[in-house]
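To keep things clear, I will list the structure first and then write my remarks on it.
The model shown is predicted, which means the values in this text are computed figures rather than measured ones. Sequence positions, counted from 1, serve as the residue numbers for this chain. Keep in mind that the numbers below use all heavy atoms, side chains included, and drop hydrogens, waters and symmetry copies.
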Amino acid sequence: LAMVQEELSKVRPLRDGNAKTVEQFADALDVAVANLIELDKLNELDNGTLYSNMLMKLTDTIILTIRDGWMISKRKSL
């Protein structure tokens, strides 16, 4: 688990309009999820330290976009 956190800490924070940072973030997240599945620790992404560290890599704009998308999908399912 420490290895996963260390690798994710190396990822640079995302910047709005910079596709390269989004790509690097997505690649690192893919590897992290695969490692967590292998370690049977996928629950580490549920509001834990790892989750918080990943949120710190996102910009406010990206977080709001994700939240808005989530809220729209919730409304549609009601």
Query raised in the report: Nearest heavy-atom pair of V11 and A28: which atoms, and what distance?
Result: CG2-CB, 3.3 Å
**Report entry** Single-linkage hydrophobic cluster I66~L29, side-chain heavy atoms < 4.5 angstrom
**Finding:** yes
Query raised in the report: Can you get from V22 to V33 by hopping between Ile, Leu, Val, Met, Phe, Trp and Tyr side chains that sit under 4.5 Å apart?
Result: yes
**Report entry** Lys/Arg-Asp/Glu bridge criterion (N-O < 4.0 Å) met for K20, E23
**Finding:** no
Reported [atom1]-to-[atom2] distance for the pair [X] and [Y], which is rounded to 0.5 angstrom:
{"X": "T21", "Y": "R15", "atom1": "OG1", "atom2": "CZ", "answer": "5.5 Å"}
{"X": "R67", "Y": "K74", "atom1": "CZ", "atom2": "NZ", "answer": "15.0 Å"}
{"X": "K57", "Y": "I63", "atom1": "NZ", "atom2": "CD1", "answer": "13.0 Å"}
{"X": "I72", "Y": "S77", "atom1": "CD1", "atom2": "OG", "answer": "12.0 Å"}

**Report entry** CA sep, side-chain torsions, deciding dist, call: L8, N53, side-chain contact (heavy atoms from CB on, under 4.5 Å)
**Finding:** CA-CA 8 Å; L8 290 175; N53 289 342; over 6 Å; no
**Report entry** Verdict with reasoning, M3 to N35, per side-chain contact (heavy atoms from CB on, under 4.5 Å)
**Finding:** CA-CA 9 Å; M3 178 188 73; N35 287 332; 4.1 Å; yes
Report task. Return yes when atom CG of D60 has more than 12 non-hydrogen atoms of other residues, nucleotides or ligands closer than 6.0 Å, and no otherwise. Result -> no
Report task. Kindly check if the number of other-residue, nucleotide or ligand heavy atoms within 6.0 Å of CG (D30) is above 12? Result -> yes
Query raised in the report: Does S9 have any side-chain hydrogen bond (donor to acceptor under 3.5 Å, both in side chains) partners at least two apart in sequence or in another chain, and if so, which?
Result: none
Query raised in the report: Looking at side-chain heavy atoms only, is the closest gap between I62 and L14 below 4.5 Å?
Result: yes
Requested in this report: Apply side-chain contact (heavy atoms from CB on, under 4.5 Å) to the pair F25 and M54, showing each step before the final yes or no.
Outcome: CA-CA 9 Å; F25 179 82; M54 294 310 295; 3.1 Å; yes
